[in-house]
Trainee: 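Here's a structure for you.
This structure is a prediction, so every number in the text was calculated from the model and none was measured. What you see below is based on every heavy atom in this structure, not just the backbone, and it leaves out hydrogens, waters and symmetry mates. Chain naming here is simple, since letters A, B, ... match the order of the sequence lines and numbering starts at 1 in each.
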Protein chains: 2
Amino acid sequence: MVQEVFDAYSFVFEEELLEEISTVGIIKEFKENERIIEIGDHVTSMPLLISGAIKILREDQDGDELLLYFLERGDTCAMTLSCCLGHTKSEIRAVAELPTKLIMIPIEKMEEWTSKYKSWMNFVFESYHTRLSEMLDTIDTIAFLNMDERLLKYLRDKAKINQNELVQITHQQIAYDLHTSRVVISRLLKKLELKGTIALNRNSIKVIDL
Amino acid sequence: MVQEVFDAYSFVFEEELLEEISTVGIIKEFKENERIIEIGDHVTSMPLLISGAIKILREDQDGDELLLYFLERGDTCAMTLSCCLGHTKSEIRAVAELPTKLIMIPIEKMEEWTSKYKSWMNFVFESYHTRLSEMLDTIDTIAFLNMDERLLKYLRDKAKINQNELVQITHQQIAYDLHTSRVVISRLLKKLELKGTIALNRNSIKVIDL
DNA sequence: CTTATACAGTAACATTGGTTACACACCTAA
DNA sequence: TTAGGTGTGTAACCAATGTTACTGTATAAG
């Protein structure tokens with residue numbers, strides 16, 4: 001039994017399944033900002049997040065990006081899951097937001113466990129549910145909020161994921177994630193700084209009162 | 001056996017399950033533009049679409065709306081499905097786009113059939129997969145397209161759903177669906193008319209060459 | 001027929017966000 | 001120390017979209 005698997009998933013799966021996961025799963029580690037999967041990649045196994053955090057992005061033909069949501073410990077990528085079951089290619093891009101540890105489950109096990117373990121089935125359904133909600137939230141954000149509000153939400157999420165009020169990031173990277181331009185982000189950040197909401201520094205933003 | 005259920009789902013489910021669906025399901029009919037479900041409604045059964053079409057909308061606190069996607073014959077609402085399984089309230093609003101016939105399945109059957117019928121399980125997974133893809137498409141649309149492109153896409157979808165090149169709709173209704181203002185839609189529609197893409201009339205738009 | 005209402009056309013203007021251009025500060029490698 | 005690259009600040013401008021206001025016309029209700 002892999003201790004980390006136990007730590008992250010013991011409240012979700014029974015002993016026997018945890019054992020199976022530890023046996024057939026392959027642990028993979030990613031450095032911060034390392035690419036985990038690209039759009040169009042063939043999906044051959046399903047990742048369970050053990051530690052760290054992952055950023056899920058959508059990309060259009062022109063290479064324009066948009067941050068969809070973050071995944072944390074105990075999450076799985078419902079997109080990938082969906083791809084596994086449908087045997088289709090990845091529709092999203094995933095990048096490690098922090099140093100991240102995953103355990104990869106071969107697709108074959110998916111179907112086997114779905115009938116064998118009720119807890120697995122519930123996990124799969126639960127994941128779909130969470131992901132759909134998260135997608136709705138993403139849609140709300142881009143449909144109903146202005147850029148300044150989106151930026152605030154972004155900084156909040158970012159600070160939460162990194163468990164740090166000092167967010168290490170460049171304006172350009174924020175612009176990519178929110179699908180806008182660097183100048184726009186610099187402009188809005190400056191406004192926030194003047195209001196005392198944040199403090200700006202080269203390569204980092206200190207969150208004071210979001 | 002209900003003939004319409006057979007017609008719509010015989011290529012998805014086996015005879016025995018079709019029989020069960022016909023027995024426990026309750027047929028409901030909705031007139032065009034009739035509300036099917038509102039945000040916050042408690043979900044107690046899962047709808048399978050037999051005929052017609054449904055418009056799925058998201059709504060924010062201020063009552064601002066946004067069209068998410070359409071459902072057609074053979075579809076189910078993965079959102080509702082998700083709510084059933086999670087025993088949560090509806091996160092979306094559904095309105096009949098055409099005269100629509102549904103068969104409602106009590107939640108209890110969900111779990112039972114999931115273990116009993118492989119075809120049912122596949123249908124559930126397939127529905128989630130389709131819905132996630134549809135949501136991604138929606139996100140692409142609002143994130144990467146300008147209003148004129150979104151309007152074109154809207155008219156295309158609308159014409160397809162109604163199987164008619166003459167779309168019965170007001171500018172105001174389009175504005176609600178795309179979450180913009182009537183004036184903006186009128187402006188863009190006029191441009192399209194001048195280009196010969198559509199022909200405008202009171203309460204209807206004739207699609208010429210999208 | 002008359003009136004009220006809903007729908008559509010359009011101008012003028014405001015706001016948001018995107019673009020271009022350039023200055024300057026910080027950092028690293030030579 | 002200097003040169004080059006990267007990150008940030010800011011102005012000026014432009015384009016897209018949203019807002020307000022007013023027009024006229026079709027349609028339905030009385």
Trainee: Which nucleotide in the list C:dC7, D:dA12, D:dA16 gets nearest to the side chain of A:R187?
Mentor: D:dA12

Trainee: Distance-only, no hydrogens or angles: does the B:S90 side chain make a donor-acceptor pair with backbone N or O of B:I92 under 3.5 Å?
Mentor: yes

Trainee: Rounded to whole Å, how long is the line connecting atom CD1 of A:I185 with atom C1' of C:dT16?
Mentor: 13 Å

Trainee: Using only side-chain N and O atoms of A:T180, determine if any of them is under 4.0 Å from OP1 or OP2 of C:dG18.
Mentor: yes

Trainee: Evaluate the salt bridge (Lys or Arg N to Asp or Glu O under 4.0 Å) criterion for residues B:E4 and B:K101: first the C-alpha distance (whole Å), next the side-chain angles of each, then the deciding distance (0.1 Å), finally the verdict.
Mentor: CA-CA 9 Å; B:E4 292 157 311; B:K101 201 174 278 192; 2.6 Å; yes

Trainee: Roughly how many Å is it from CD in B:Q168 to P in C:dA8, rounded to a whole number?
Mentor: 11 Å

Trainee: In whole Å, what is the span from the CD1 atom of A:I174 to the C1' atom of C:dG18?
Mentor: 17 Å

Trainee: Determine whether the aromatic ring centres of residues A:Y128 and A:F123 are separated by less than 6.0 angstrom.
Mentor: no

Trainee: Ignoring backbone atoms, test whether B:H171 places a side-chain nitrogen or oxygen under 4.0 Å from the OP1 or OP2 oxygen of C:dG9.
Mentor: yes

Trainee: Let me know the distance between CG of B:L188 and P of D:dA16, rounded to the nearest Å.
Mentor: 10 Å

Trainee: Without decimals, in angstroms, what is the distance between B:N201 CG and D:dG24 P?
Mentor: 21 Å

Trainee: Between D:dG18 atom P and B:Y176 atom OH, what is the distance in whole Å?
Mentor: 15 Å

Trainee: If you assign each of B:L200 and A:V184 to its closest nucleotide in DNA chain C, which residue comes earlier from the 5' end?
Mentor: B:L200

Trainee: Could you give the CZ-to-P distance, from B:F144 to C:dG18, as a whole number of Å?
Mentor: 13 Å

Trainee: Please list, for nucleotides 20-25 of chain C, all pairs of protein and nucleotide N/O atoms separated by less than 3.5 Å.
Mentor:
none

Trainee: Does one side chain, of A:E91 or B:S133, offer a donor that lies under 3.5 Å from an acceptor on the other?
Mentor: yes

Trainee: Distance check, rounded to the nearest 0.5 Å: B:D177 atom CG versus B:R150 atom CZ?
Mentor: 10.5 Å

Trainee: Do B:S127 and B:R131 get their side chains close enough for a donor-acceptor pair, meaning under 3.5 Å?
Mentor: no

Trainee: What verdict does the salt bridge (Lys or Arg N to Asp or Glu O under 4.0 Å) test give for B:R93 and B:D41, after you've listed the backbone C-alpha separation in whole Å, the side-chain angles of each residue and the deciding distance to 0.1 Å?
Mentor: CA-CA 9 Å; B:R93 205 154 84 76; B:D41 281 3; over 6 Å; no

Trainee: To the nearest 0.5 Å, how far apart are CG in B:L178 and CE in B:M147?
Mentor: 6.0 Å

Trainee: Just the rounded figure in Å: distance from C1' of D:dA16 to CE of A:M147.
Mentor: 13 Å

Trainee: Once you apply a heavy-atom cut-off of 4.0 Å, does A:D148 come out as touching a base, just sugar-phosphate, or nothing?
Mentor: nothing

Trainee: With nearest nucleotide decided by heavy atoms, which residue, A:K190 or B:H179, maps closer to the 5′ end of DNA chain D?
Mentor: A:K190

Trainee: Is the backbone of A:E193 close enough, under 3.5 Å, to the side chain of A:T197 for a donor and an acceptor to pair up by distance?
Mentor: no

Trainee: Taking only Watson-Crick and G-U wobble pairs with both distances under 3.5 Å, what dot-bracket line describes DNA chain D, where [ ] shows pairs that cross earlier ones and | shows pairs with another strand?
Mentor: ||||||||||||||||||||||||||||||

